[in-house]
There are 4 protein chains.
Amino acid sequence: MTKNTFENLPDEKRQRVLDEATTEFAEHGYHQASINRIVERLGIAKGSLFKYFGNKQGLFEHIFSRAVSDFKKPLKAIRDTPGLGFFERIEQSFLAGTRFVDAHPNLYRIYLKMLFNENFPLRERFLGEIRGAHAKYLRQLIEGGVRDGQLPAALDVEMAVFTLHAVMDRFLQGYAVPSLDNGLAPAASLPEQARALAAFLRHGLADIPTQE
Amino acid sequence: MTKNTFENLPDEKRQRVLDEATTEFAEHGYHQASINRIVERLGIAKGSLFKYFGNKQGLFEHIFSRAVSDFKKPLKAIRDTPGLGFFERIEQSFLAGTRFVDAHPNLYRIYLKMLFNENFPLRERFLGEIRGAHAKYLRQLIEGGVRDGQLPAALDVEMAVFTLHAVMDRFLQGYAVPSLDNGLAPAASLPEQARALAAFLRHGLADIPTQE
Amino acid sequence: MTKNTFENLPDEKRQRVLDEATTEFAEHGYHQASINRIVERLGIAKGSLFKYFGNKQGLFEHIFSRAVSDFKKPLKAIRDTPGLGFFERIEQSFLAGTRFVDAHPNLYRIYLKMLFNENFPLRERFLGEIRGAHAKYLRQLIEGGVRDGQLPAALDVEMAVFTLHAVMDRFLQGYAVPSLDNGLAPAASLPEQARALAAFLRHGLADIPTQE
Amino acid sequence: MTKNTFENLPDEKRQRVLDEATTEFAEHGYHQASINRIVERLGIAKGSLFKYFGNKQGLFEHIFSRAVSDFKKPLKAIRDTPGLGFFERIEQSFLAGTRFVDAHPNLYRIYLKMLFNENFPLRERFLGEIRGAHAKYLRQLIEGGVRDGQLPAALDVEMAVFTLHAVMDRFLQGYAVPSLDNGLAPAASLPEQARALAAFLRHGLADIPTQE
DNA sequence: CATGAATGAGGATTCATTCAT
DNA sequence: TATGAATGAATCCTCATTCAT
């Protein structure tokens, strides 16, 4: 999709373009993001951006598809690290999520906006890709946990995947946008949240339905 | 804010106006919602809508402030119903949430869009009001649970409020927008989700930190 | 033009309507004046105002035609007061102008706006009426001054009328809108301005061209 | 304020845009001027005008700030011309005013509308700038006249500035909008008006108050 | 008579996109 | 290849006026 002309740009300029555009999408979502503002802040011609990416959607696609693959990498690394127990991998997955949010806060903001905005372009494709990868990853973890005896043999794997995903996804929201839950807890620090999450999972999974 | 002229309209027309506008906001969020589309679907003049509500924000305020008070009512009813145990009240609260989502799906869609869209007008006010009411309600429930001996006496109430709120809020997301977690679980029915939620809470609360 | 229904209103309400409308025209001119704002401040129905005056122009006509006749009255009184010299009458005319401005500041503001706004409705009629009355009045004064020997017999009466009118009109501007000349003189009080005006006229008229 | 894009336009087009817009403001004032009419007459897209000037006020600012500096230039030239007496400079100032009005009648019409229209944007800034420049100029002239002995040494300079400014400003009104005084004088030609003005000043200044 | 709901043309402004230079 | 001027549909909003109740 992206034209060669963008790939041939000097690294520094290429990064500036992506950063500025990512910020714009993170702050305003898709439709309310303004190409005008982006090129104005960048100090480049409007036509250039369209040469690089074809149109607004092309720009967004370029940014977010890279984000998706960046998000997948650490999960693979955890999965492929030998010698870890199931709950250690879960905990590391959670921490990997927080690290991604810390490293790319604007990309996560875009993701959150996309979650509930049905008109976000490419929404189905991107969300499907993220969910699919996450589910596949969790399924492998859970199956490993069953093999290792850390999880009950009769566990309904699909239901466990569903629950794990929901819990991890939603708790990451609270981590990324503390204001969501603020005013509620005096000071819910990351370790405290992680401990609460771990406790929930450790006990909760025991009650997840088993296959009939 | 609302001009009298709207309150004086025939009930049926008033409801049509609110329904159509609510749908528009639910589908497109605030900025991308179009007054033009609303009046076109309603078959009324553009000026009329502005007479009713002053401006776009006035229309949104009218719709959503009613939603907020509609959301608070059932919680009060549960709190004031005598003879219920703590976990029964929690379960009923969860069901009240699902009933609200079922009765006003578009209002809940607006809420979800507002959650992560920092530019939503009146966002701080409305979210603050909702969170405040919910927190106060949960605090009363928990304190009652402690008095009744159903919860440990040393429980850190504020942290419990925080955790309960986060869990209930996030699980309601999954209920309202099943596509969020779909593709993951084959068919996570409401009772199943409710059971999973209950299990999490029952075990999880035991591990919530106690006051030092 | 004005319907009977307005004349039949209670005095107090009638006056409120006129005052509020006059203020609106004075502040915003004709086109920028808003019927909406007027009825809003009055707390009466929009339809009523249209019943009273037919349309916006009818309202303005009612207001300003009364202003014109109010402006003419004191001039007639000065003219008909016996035993005054020419320059005394001129000075009193100037003071009558300042009194009118003090008594009806908003009407004078409307007049000033109308002066240079070619699109003011009824402008030609009203300005012509005012100028005609003023010219006729000044002509009578000057002819009296010539008869009394206070002005040279060969004075070009029409040119003197022109000059007197221009001077009085323009100096009244400075009186009504002091900010026009402020920042220039430290504190040009009314008596000082009156003295300067008198001096100018006393000497200036001696040089006004005489009929060839 | 003005974007580069306008400065890069071909001279002829740039001039057409400014002329058409100036005419619109001159005919209708600020608020009643219509961007729609301007672009329609120009045959360009609405968006283009906003690209050039940002918004309506930017367009007006561009036009009128140039007018202000155009108005100042000839005054500086007169001041810096050696070998002229005080009254010669005054007469030339008056003629410079008439020349400006003749060369830019529409700009002067805008100025007159701005004088009494409190809602004109940038009114305070522009009027202040014009009055300040004029006052400074007149002050220099008068101080020169006092040095040369053409004006009494005890003259209250500030009061003389005030009076001169008021007289020149108001007489220029009559020159620019003859209809203001028409119907009064049969045919007040420029030389006749100039002579009348000169006479007034020559005699009048002698009576301007001297410092205490 | 008084009311005020309904109208719809017109206001300024923003926007993604195109294309000649 | 990069530019940025041009576009025109769409945005929210205001207004004087009409007319059924």
Side-chain angles (χ1 to χ4, degrees), chain A residues 3-6 8-9 30-40 43-59, chain B residues 3-10 13 31-39 42-59, chain C residues 3-6 8-9 30-40 43-59, chain D residues 3-10 13 31-39 42-59:
Chain A
K3 300 293 191 302
N4 269 341
T5 76
F6 181 66
N8 293 339
L9 249 43
Y30 181 82
H31 286 103
Q32 212 55 22
S34 160
I35 297 282
N36 278 354
R37 274 195 297 259
I38 294 175
V39 297
E40 198 172 305
I44 69 171
K46 214 185 302 193
S48 299
L49 215 61
F50 282 86
K51 268 284 189 298
Y52 299 155
F53 304 102
N55 54 25
K56 192 182 187 179
Q57 180 167 326
L59 170 60
Chain B
K3 297 291 191 302
N4 264 342
T5 103
F6 181 65
E7 302 301 338
N8 295 343
L9 249 45
K13 177 166 183 184
H31 290 289
Q32 211 55 21
S34 159
I35 297 283
N36 281 353
R37 274 195 299 259
I38 295 175
V39 297
L42 284 171
I44 67 173
K46 215 183 300 192
S48 298
L49 213 61
F50 285 92
K51 265 285 186 301
Y52 299 157
F53 304 103
N55 54 28
K56 193 183 186 178
Q57 179 167 326
L59 169 60
Chain C
K3 301 294 191 304
N4 270 341
T5 77
F6 182 66
N8 293 340
L9 249 42
Y30 181 81
H31 286 103
Q32 212 55 22
S34 159
I35 296 283
N36 279 353
R37 274 195 297 259
I38 294 175
V39 296
E40 197 172 306
I44 68 172
K46 214 187 299 193
S48 299
L49 216 61
F50 281 87
K51 269 283 190 298
Y52 300 155
F53 304 103
N55 55 24
K56 192 182 188 179
Q57 180 168 325
L59 170 60
Chain D
K3 301 287 191 300
N4 264 342
T5 102
F6 181 67
E7 303 301 338
N8 295 344
L9 249 45
K13 177 167 184 184
H31 290 288
Q32 211 55 23
S34 160
I35 297 283
N36 280 355
R37 272 196 299 259
I38 294 175
V39 297
L42 284 171
I44 68 173
K46 219 184 296 194
S48 298
L49 212 61
F50 284 90
K51 265 285 186 302
Y52 298 157
F53 304 102
N55 54 26
K56 192 182 186 179
Q57 181 168 325
L59 170 59

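Just so we're on the same page: letters track the sequence lines, and every chain starts at 1.
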Can you check the Ile35(D) CD1 to dT13(E) P distance for me, whole Å?
7 Å
Determine: side-chain N/O of Ser34(D) to OP1/OP2 of dG11(E), distance under 4.0 Å, yes or no.
yes
Contacts of His31(C) and Ala45(D) projected onto DNA chain F by closest heavy atom; the upstream (5') one is Ala45(D)
Could you give the CG-to-C1' distance, from Asn8(D) to dT21(E), as a whole number of Å?
13 Å
Rounded distance (Å) that lies between atom P of dT3(F) and atom CD of Glu7(D):
21 Å
Using only heavy-atom distances, decide whether a donor-acceptor pair under 3.5 angstrom links the side-chain of Lys46(D) to the base of dT7(F).
no
How long is the straight-line distance from NZ of Lys13(D) back to OH of Tyr52(D), given to the nearest 0.5 Å?
3.5 Å
When the nearest nucleotide of DNA chain E is assigned to Gly47(A) and to Asn36(A) on a heavy-atom basis, which residue is associated with the more 5' position?
Asn36(A)
Does dA6(E) have OP1 or OP2 under 4.0 Å away from a side-chain N or O of Lys13(B)?
yes
Relative to Phe6(C), does Lys51(C) satisfy both conditions: NZ or CZ under 6.0 angstrom from the six-membered ring centre, and within 45 degrees of the ring's axis?
no
Scan Lys56(C) against the nucleic acid and name what it touches under 4.0 Å (heavy atoms): base, sugar-phosphate only, or nothing.
sugar-phosphate
note: Leu49(C), atom CG; dG4(E), atom P; distance rounded to Å ~ 14 Å
Less than 4.0 angstrom between a side-chain N/O of Ser48(C) and OP1 or OP2 of dA2(E), yes or no?
no
Just N and O in the side chain of Asn55(D): are any of them under 4.0 Å from OP1 or OP2 of dA12(E)?
no
Given side chains that start at C-beta, do those of Leu59(B) and Ile38(B) come closer than 4.5 Å, heavy atoms only?
yes
5'-most contact on DNA chain E: Pro10(B) or Gln57(D), nearest heavy atom basis?
Pro10(B)
d(NZ, Lys51(C); C1', dT18(F)) in whole Å
9 Å
With DNA chain F as reference, determine whether Leu9(A) or Gly43(D) sits nearer its 5' end, using the nearest nucleotide of each.
Leu9(A)
May I ask which nucleotide in the shown strands pairs with dT21(F), Watson-Crick or G-U wobble, both distances under 3.5 Å?
dA2(E)
Donor-acceptor contact below 3.5 Å, side chain Lys56(A) vs main chain Tyr30(A):
yes
Look up atom NZ in Lys46(A) and atom OG in Ser48(A), then write down how far apart they are to the nearest 0.5 Å.
11.5 Å
Separation of atom CD in Gln32(C) from atom P in dC15(F), rounded to whole Å:
8 Å
Between dG11(E) atom P and Ile38(D) atom CD1, what is the distance in whole Å?
11 Å
